[in-house]
Amino acid sequence: MPELPEVETSRRGIAPHLTGQTIRQLIVRNAQLRWPIPDDLAAKVNGQEITQITRRAKYLLLALKQGAIMVHLGMSGRVRVVNAELPAEKHDHVDLVLASGQCLRFTDPRRFGSWLWHPSPRSEQLLSHLGPEPLTDEFNFDYLYPLCRNRKAAIKQVIMDNQVVVGVGNIYATEALFASGIRPTRSAQKVTQQQLKQLIQHIKRILAAAIEQGGTTLKDFTRSDGKPGYFKQALQVYGRAGEACDSCGSTIKTTRQGQRASAYCPSCQK
DNA sequence: AAAGACACCTGGGAGC
DNA sequence: TGCTCCCAGGTGTCTT
């Protein structure tokens, strides 16, 4: 997906256009996303004012006077604010039409995203088990160390576990581990305390830098204004298997963890 | 209880 | 040109 920086960039991009606006209509062209869009979602949101746009993990929450719309971008989702008259294209599944004449347009080729009503049993279920936000003080050594201390799983799997910390996807987990000199396959319990402290700092630093630069542009992601993010050029190992490590010149290798590619420098990461 | 496999879905690129 | 195969930012759920 869009990882956390992309979601946050989207939130910041759309918020000024949505906040304070009244919803005129919800157009659902294809309700078959990860979960079907609820049939009664349009009835619930129609005529309501959007009070604020917030984010929890990778969920965008469009808060209304009553309740909220909970949007997830999945792997290939994207939201943009466009003129409501702009013709919809193939993967433009949802439009949230505003009184301003603009609409929030949701595009998602793979349809792993979701639009749900919140609160609902499903939304509560999805949010209830989530760990802390990585950019808050709550995500610190005293929190993470006890979770790693007796855990045999690979450190990469642990930091990508939403119950441990949210918003660290494959790209940023890969990059933070490189920056910390930790092999992604290393058992969490064998990461030293010093390395764990560094890892936490690098996760925060890299996520913050990516947000600052508007997210990482890969295949599908563009910012809500349609401009690409600029972080991709800063990637040190992700997507660079076979190339030379910028730091030591060794060839970057790739392995698979949890059916997901994991790039690392065999020399810099032990 | 924890780790791994599989599921959802489309598009792009590599190789033949 | 076109076919087949593999891969991709996520994450809930089912199997070991």
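Lettering of chains follows the sequences in order, A, B, ..., and the numbering in each one begins at 1. All values derive from a computational prediction rather than experimental measurement.
- For the atom pair Lys253(A) NZ and Tyr264(A) OH, the distance stands at 5.5 Å (nearest 0.5 Å).
- In this structure, the nucleotide among dG10(C), dG11(B), dA3(B) sitting nearest to the side chain of Glu3(A) is dG10(C).
- Residue ring and base: Phe112(A) does not count as stacked with dC9(B) (centre distance below 5.5 Å and interplanar angle below 30° not both satisfied).
- The partner of dG12(B) is dC6(C), judged by Watson-Crick or G-U wobble contacts that both fall below 3.5 Å.
- For dA3(B), the OP1/OP2 oxygens have a side-chain nitrogen or oxygen of Arg151(A) closer than 4.0 Å.
- Taking only side-chain nitrogens and oxygens, Lys90(A) never comes nearer than 4.0 Å to OP1 or OP2 of dT10(B).
- Each of dA3(B), dT13(C), dA5(B) was ranked by its minimum atom distance to the side chain of Ala153(A); first place goes to dA3(B).
- A donor and an acceptor atom never sit less than 3.5 Å apart when one is taken from the side chain of Arg111(A) and the other from the base of dT10(B).
- Checked by distance alone, Arg260(A) brings a side-chain donor or acceptor within 3.5 Å of a matching partner on the base of dG10(C).
- Closest to the side chain of Met75(A), out of dG10(C), dT11(C), dG11(B), is dG10(C).
- Between the CD atom of Glu124(A) and the P atom of dG12(C) there is a distance of 15 Å, given to the nearest Å.
- Spacing between atom CD of Gln157(A) and atom P of dG10(C) amounts to 12 Å, rounded to whole angstrom units.
- Straight-line distance from the CD atom of Glu6(A) to the C1' atom of dA8(C): 14 Å, rounded to whole Å.
- Taking atom NZ on Lys58(A) and atom C1' on dT11(C), their separation rounds to 9 Å, with Å as the unit.
- With 3.5 Å as the limit, one finds a donor-acceptor pair spanning the side chains of Ser262(A) and Lys156(A).
- The CZ atom of Phe106(A) lies 10.0 Å from the CG atom of Leu60(A); values are rounded to the nearest 0.5 Å.
- For the pair His91(A) and dG11(B), the criterion of a side-chain N or O lying under 4.0 Å from OP1 or OP2 is met.
- Residues Arg151(A) and Asp161(A) are paired through a salt bridge, judged by an N-O separation under 4.0 Å between the basic side chain and the carboxylate.
- The base of dC9(B) sits within donor-acceptor range of the side chain of Arg110(A), with an N or O pair under 3.5 Å.
- A salt bridge does not link Lys58(A) with Glu6(A): none of the charged nitrogens is closer than 4.0 Å to a carboxylate oxygen.
- Within the 4.5 Å cutoff, the side chain of Leu73(A) has no heavy atoms near those of the Asp108(A) side chain.
- Taking atom P on both dT11(C) and dA1(B), the two are 24 Å apart, rounded to the nearest angstrom.
- Rounded to a whole Å, the CD1 atom of Ile171(A) is 13 Å from the P atom of dT11(C).
- Arg122(A) places its CZ atom 14 Å from the P atom of dT11(C), with the value rounded to the nearest Å.
- The listed nucleotides are dT13(C), dA3(B), dA5(B); the one nearest the side chain of Gln125(A) is dT13(C).
- Ring geometry for His91(A) against His93(A) counts as perpendicular: the plane angle is over 60°, on a 0 to 90° scale with 30° as the lower cut.
- Put simply, Lys152(A) has no side-chain N or O that comes within less than 4.0 Å of OP1 or OP2 on dA2(B).
- Comparing the same atom, P, in dC9(B) and in dC3(C) gives a spacing of 23 Å after rounding to whole Å.
- Counting any heavy atom pair closer than 4.0 Å across all strands shown, Asp108(A) reaches no nucleic acid atom.
- Note on His72(A): every side-chain N or O is 4.0 Å or more away from OP1 and OP2 of dG12(C).
- dT10(B) atom C1' lies 9 Å from atom NE2 of His93(A), rounded to whole Å.
- When the P atom of dG10(C) is taken as reference, atom CG of Leu130(A) falls 14 Å away, rounded to whole Å.
- Checking dG10(C), dG11(B), dG12(C) against the side-chain heavy atoms of Trp35(A) singles out dG12(C) as nearest.
- Counting non-hydrogen atoms under 4.0 angstrom, Leu126(A) reaches the backbone sugars and phosphates but no base.
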